[in-house]
S.K.: 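My questions will all concern the structure given below.
Residue numbers count from 1 along this sequence.
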Amino acid sequence: MFTGIIEDLGVITNLEHDHDNLHITIKSNFTSELKVDQSVAHNGVCLTVTSLNGSLYTVTAIRETLNKTNLGKLKVDDQVNLERAMKLGDRLDGHIVQGHVDQTAICKSIEFQNGSWLFTFEYDSSLNNITIEKGSITVNGVSLTVVNSLKNEFSVAIIPYTYEHTTFKFLEKNSVVNLEFDVLGKYIKRLYELRN
C-alpha cells in the first residue's frame, strides 16, 4: 500500500527487454535504503526490487503492466515518480493507493492559473472507472483531489511544490499518464450497482 506522496524523482539509467518483460534500472536517492523484494511505486505502478548496485536498483515490468500503464513508453534519462510502500503507524498524508494502475489517460490541457496549474485529463469511460468531485485520484502515483469531474475527464490543481517535485513539470498536452481511481470510490460504486 502507498499514499501517493512522492518521495523522489528517479532517473531511468537502463532499459533491457527480455522476451515480454522489461527490466528497468533506476537511480534514486533512497536506493541505499532498499532491499531486494521490496515494493516501490514507479509513476504509481507497484514493482518489486530485483537487484541493487550502488545507487541503482532494478525492477521488472511484465507484458500486462506494460500494456496497461505508461512504463512501456519510458526512455533512458526519463524521470519517474517514486514512493516506497507505507509503514504501518505512519500518517496517511495522501490517500490509500494500491499501486495497481486502472488505466491510462491523455493530458488534454495545461493552464497556468495565478501560481498553480490546472491539468485536465481524458480517459476511456467504457472501462467503468469514475471520478468523484472532490474525491481522490492518483495520477502517475501522485495523490490528488478531483475538480471538474465529468464522465470521461477530470482536472486536478497542482501547487508549485507538487509541480517542482514530481513529473508534472515534464507533462505536455497529449502526454500519457497512469491513473488509479480511488479504491473507496470503487467500492461505493460497486455497492450501488449491487443494490440497483
Side-chain angles (χ1 to χ4, degrees), residues 1-7 9 39 41-47 61 64-74 80-83 85-86 91-196:
M1 297 294 255
F2 303 90
T3 66
I5 304 299
I6 302 307
E7 292 185 75
L9 282 176
S39 296
H42 303 76
N43 279 352
V45 182
C46 177
L47 298 172
E64 181 180 359
T65 301
L66 297 173
N67 287 342
K68 290 187 174 179
T69 71
N70 64 6
L71 296 187
K73 299 180 182 304
L74 290 174
V80 291
N81 294 323
L82 300 178
E83 181 190 359
M86 69 177 182
R91 288 185 178 90
L92 185 62
D93 291 321
H95 72 280
I96 295 171
V97 176
Q98 295 179 300
H100 302 158
V101 170
D102 293 304
Q103 66 184 97
T104 58
I106 304 292
C107 183
K108 204 172 154 185
S109 66
I110 304 168
E111 299 173 43
F112 183 72
Q113 296 187 328
N114 294 320
S116 65
W117 291 262
L118 188 73
F119 285 76
T120 300
F121 298 99
E122 184 174 34
Y123 63 95
D124 180 359
S125 61
S126 71
L127 298 176
N128 291 322
N129 292 309
I130 61 166
T131 58
I132 300 166
E133 191 75 21
K134 303 297 183 269
S136 297
I137 186 79
T138 307
V139 178
N140 273 353
V142 182
S143 173
L144 299 164
T145 300
V146 172
V147 295
N148 303 328
S149 176
L150 300 172
K151 182 178 179 182
N152 67 334
E153 72 176 56
F154 66 92
S155 299
V156 291
I158 303 297
I159 63 171
Y161 182 89
T162 303
Y163 187 85
E164 286 302 323
H165 291 88
T166 70
T167 58
F168 270 93
K169 63 187 170 190
F170 303 121
L171 293 184
E172 301 172 342
K173 187 176 179 182
N174 297 320
S175 290
V176 177
V177 297
N178 295 327
L179 298 182
E180 182 181 328
F181 293 82
D182 186 3
V183 68
L184 297 177
K186 286 190 241 182
Y187 289 133
I188 291 166
K189 178 179 184 276
R190 183 66 181 137
L191 286 173
Y192 177 78
E193 290 169 345
L194 290 172
R195 292 183 68 179
N196 293 319

S.K.: Would you mind reporting whether F119 and S155 have side-chain heavy atoms less than 4.5 Å apart?
M.R.: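 Of all side-chain heavy-atom pairs linking F119 with S155, none is under 4.5 Å.
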S.K.: Among F168, F170, W117, which one satisfies ring-ring contact (aromatic ring centres under 6.0 Å, His included) with Y163?
M.R.: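 That would be W117.
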S.K.: With side chain to side chain contact (heavy atoms under 4.5 Å, CB included) as the test, would you mind laying out the steps for M1 and Q98 before giving the verdict?
M.R.: CA-CA 5 Å; M1 297 294 255; Q98 295 179 300; 4.1 Å; yes
S.K.: With a 4.5 Å limit on heavy-atom distance, are the side chains of I137 and V156 in contact?
M.R.: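 Yes - at least one pair of side-chain heavy atoms lies under 4.5 Å apart.
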S.K.: Grab the two heavy atoms, one from I132 and one from V146, that are nearest each other, plus how far apart they are.
M.R.: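 Heavy-atom minimum between the residues: O-CB, 3.4 Å.
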S.K.: Output the distance between atom OG1 (T120) and atom CD1 (I106), rounded to the nearest 0.5 Å.
M.R.: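 Result: 13.5 Å between the selected atoms.
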S.K.: Begin from the C-alpha positions of H42 and N81 and carry the test side chain to side chain contact (heavy atoms under 4.5 Å, CB included) through to its verdict.
M.R.: CA-CA 6 Å; H42 303 76; N81 294 323; over 6 Å; no
S.K.: Under 4.5 Å between any side-chain heavy atoms of N43 and V177, yes or no?
M.R.: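 Of all side-chain heavy-atom pairs linking V177 with N43, none is under 4.5 Å.
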S.K.: If you round to the nearest 0.5 Å, how far is NE2 of H100 from OG1 of T138?
M.R.: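 If I round to the nearest 0.5 Å, the distance is 12.0 Å.
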S.K.: With side chain to side chain donor-acceptor pair (under 3.5 Å) as the test, pick out the partner of N140 among T69, T104, N70.
M.R.: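 Per the side chain to side chain donor-acceptor pair (under 3.5 Å) rule, the option paired with N140 is N70, out of T69, T104, N70.
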S.K.: Just do the side chain to side chain contact (heavy atoms under 4.5 Å, CB included) check on F154 and L179 with the steps written out, would you?
M.R.: CA-CA 11 Å; F154 66 92; L179 298 182; 3.7 Å; yes
S.K.: Do V101 and K68 come close enough that some side-chain heavy atom pair is under 4.5 Å?
M.R.: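 Contact flag for V101/K68 side chains = no.
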S.K.: Grab the two heavy atoms, one from G115 and one from P160, that are nearest each other, plus how far apart they are.
M.R.: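 Result for this residue pair: O-CG, 3.1 Å.
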S.K.: Please tell me if the side chains of E83 and T3 come closer than 4.5 Å, counting only heavy atoms from C-beta onward.
M.R.: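 Yes; the side chains approach each other to less than 4.5 Å.
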S.K.: Dump the intermediate steps for side chain to side chain contact (heavy atoms under 4.5 Å, CB included) on V147 and K134, then the final yes or no.
M.R.: CA-CA 6 Å; V147 295; K134 303 297 183 269; 4.2 Å; yes
S.K.: Would you please name every residue forming a side chain to side chain donor-acceptor pair (under 3.5 Å) with D124, sequence neighbours left out?
M.R.: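 Checked D124 against side chain to side chain donor-acceptor pair (under 3.5 Å); matches are S126.
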S.K.: Give, for atom OG of S149 and atom CD1 of I130, the distance between the pair rounded to the nearest 0.5 Å.
M.R.: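 Those atoms lie 7.5 Å apart.
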S.K.: Any idea which heavy atoms bring L66 and A61 closest together, and the distance?
M.R.: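 Taking every non-hydrogen atom into account, CD2-CB, 3.8 Å.
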S.K.: Can you tell me how far apart CG (N178) and CD (Q103) are? Round to the nearest 0.5 Å.
M.R.: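 Atom-to-atom, N178:CG and Q103:CD are 10.5 Å apart.
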S.K.: Tell me, do L150 and E153 make a side-chain contact under 4.5 Å, heavy atoms counted?
M.R.: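 When only atoms from C-beta onward are counted, E153 and L150 do touch, with a gap below 4.5 Å.
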S.K.: To the nearest 0.5 Å, tell me how far L9 CG sits from T167 OG1.
M.R.: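 If we round to the nearest 0.5 Å, L9:CG and T167:OG1 are 7.0 Å apart.
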S.K.: Return the minimal non-hydrogen interatomic distance between E180 and V97, and the atom names on each side.
M.R.: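 Heavy atoms only, the tightest pair is OE1-CG1, 3.4 Å.
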S.K.: Roughly how far, to the nearest 0.5 Å, is OG of S136 from CG of D182?
M.R.: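 Those atoms lie 4.5 Å apart.
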S.K.: Check whether any side-chain heavy atom of K108 lies under 4.5 Å from a side-chain heavy atom of N174, and answer yes or no.
M.R.: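 Not in contact.
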